[in-house]
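Just so you know, ligand 1 is whichever comes first in the structure, and atom 1 is the first atom listed for that ligand.
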Amino acid sequence: MRNSTEIDKEISASTKVEAEYTGKKIRTLSGLEAVRERPAMYIGSTSERGLHHLVYEVLDNSIDEALAGYCTDIQVFIHPDNSITVKDNGRGIPVDNTVKEKKPAVEVIMTVLHAGGKFGDGAYKVSGGLHGVGVTCVNALSEHLEVEVKRDGKCYGIAFTRGKTTTPLYVKGSAEGSGTSVTFKPDSEIFTELVYKYDTLRHRVRELAFLNKNVAITITDERPSPPLQERFHFAGGIVEYVQQQNENKDLINPQPIYLEGQKDTGTDGNKNIIIVEAALQYTDTTYENIFTFVNNINTEEGGTHLSGFRKALTGVLNNYAKKKGLLKDKDDTLSGEDVRVGLTAVLSLKIPNPQFESQTKIKLGNAEVMPLVESLVSDALNEYLEENPAIAKKIIDNAMLASRARIAAKKARDLIRRKNALGSGGLPGKLSDCQSRNKEETEIYLVEGDSAGGSAKQGRDRRFQAILPLRGKILNVEKARLDKMLSSEEIRNMITAFGCGISDDFDIEKRRYDKIIIMTDADVDGAHIRTLLLTFFYRYMQDLIKEGHVFIAQPPLYLVRSGKEHRYAYSDEELQTVLDEVGREKNPYVQRYKGLGEMNPEQLWETTMDPAGRTILQVQLEDGEKADRIFNILMGEKVEPRRQFIQENAHKVRNLDL
Ligand code: 0RA
């Protein structure tokens, strides 16, 4: 344990930097005032995301304590008033006085920006926050925050309001064991959203439990009665993560390949220990799913660790296939894409000083990490292949199949591209394009069936609305490989009409429309076509969904006529309201639309296509991992999980939330 003097030196070093920086500003704010003045700068947002971020910040401290090897149990409580408690059985935040402030360390940690990381080992401290300001920000942005520390046989308490100490440290009584408990209530003056979402917190807690196998995390929601409680502890860590992710898929290697290694990359006697962990499992699916984490942060944009991992995979599998004579032609090579088809993997690094490249902190930049990950993964993978020749052969066969499909798909794609290069833009004959070429204002309706397509074409505003009718079922891309997929005319028509390519060729800037609107019948077939389309977009044009370009049209279910008046109802409840309003005694005429084809062009425009009156649902992709599982369940081979999912979610089908 380090003493207070050491801690104090580091704090003064950090506050000096702070002072120099703020000194240049016209107006000088103390640290916590700055946080309250510009909260979004510190926690990203003051809406739902930021609200949940507060919990992650506090949780991170307990996880750090677990990483240091001192904490095995963490509990998260959502209290009835939407305040939160995070409690751990670690060493407890130090309470002795610092030399400089002559205040308890716990108070300094909670009130001085950047102080937290300076205490203790802090080796793996990477706050989820943008500037590593962590729990101090949570304090500044809380109406009330209370810390309880158990240490040295005593229980201590200290409390704050909006970052200011209101109850200085005092001894509450005696206590056994050690630990820290932080309770806070987000400030209603700061946050626009104050209600915690159980599922959001549960997701992060579960993820942290996968990534840190030595710690059990319990989450309790005290708002419902009886309270909701779940405990997450995965002794298998990321291996279990991969297994859950592949739950409903057919497996090539039933037991995931697991590797773990560490290396000190420090120089001049300074320690810089990097820990690498990976779990890999191949399935018979046609896409890759690699999740990467650095210090428990999801590096969604990858970075040097992912590059090293990919290099290892491509190199090792090619060498192995050549050495064992598994390739058809000895000059064949498997591309990176080929060897990743069907792969689900988790790569998790713990690294003392990560450098994140992008603003959003989700891409790792440390150059030394790439060769390190490459060599660790190569060694482990080589060893695995040598020890499991039968599975190794299956993995190579899978990659060779992907390779053939890739070459066939390239031919098909080149053909589409060549057609595009020829006059008339090569647009599909079935497309009724719009006049405007300004992609910020244009829309394309994907319409089920030729007859509804005809009505839509007549009813639209041709200046900015394009219509592409889709006939019958489009191909289930979840099951088909790329070459087969591109042999489907409906799919090719969409690709050419959208103009932005697919997969590796995808370029969102080249898209020809701002909104892609799926308009299908309000029945089971319509829902099926919609799911097929969404699967296609999700797998091959994901950014269209991520950036909010995909929508679902909402045609009415009923037409109510009464005298000269006509009204539409979009749900069964709304039908009742409309009937109440027009009066039932006059015997209104009610028509239930069985399909879009029953509406004439004017009706279709008025109810579903006119931007002034229509409702369209934006498809959101909040959680890629969940979406992947849902698509796999809905569109994959296995019947039982699908039946179960549909039964459990039947009430939600009107608004499929990815
Ligand atoms: C600084 C030093 C030590 C522990 C902690 C911080 C600590 C912080 C938090 C925050 C939540 N839970 C926590 N648990 C521990 C080490 C003190 C020692 O050496 O005993």
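- Ranked by closest heavy atom to atom 10 (C) of ligand 1, the top entry among V149, N61, D60 is N61.
- With hydrogens and angles left out, the side-chain atoms of T344 and N289 include no donor and acceptor closer than 3.5 Å.
- Heavy-atom proximity to R151, at under 4.0 Å, picks out these atoms of ligand 1: 17 (C), 18 (C), 20 (O).
- Distances below 4.0 Å separate heavy atoms of E65 from the following atoms of ligand 1: 4 (C), 7 (C), 14 (N), 15 (C).
- Pairing each heavy atom of N139 with each of M110, the nearest pair is ND2-O, 2.9 Å.
- Pairs of residues two or more places apart, or lying in two chains, that qualify as side-chain hydrogen bond (donor to acceptor under 3.5 Å, both in side chains) and include a residue from residues 218-229 are H79-E222, N82-R223, T220-Q229, D221-R223.
- Each ring-ring contact (aromatic ring centres under 6.0 Å, His included) pair with one or both residues in residues 151-200, not counting sequence neighbours, appears once here: H52-Y196.
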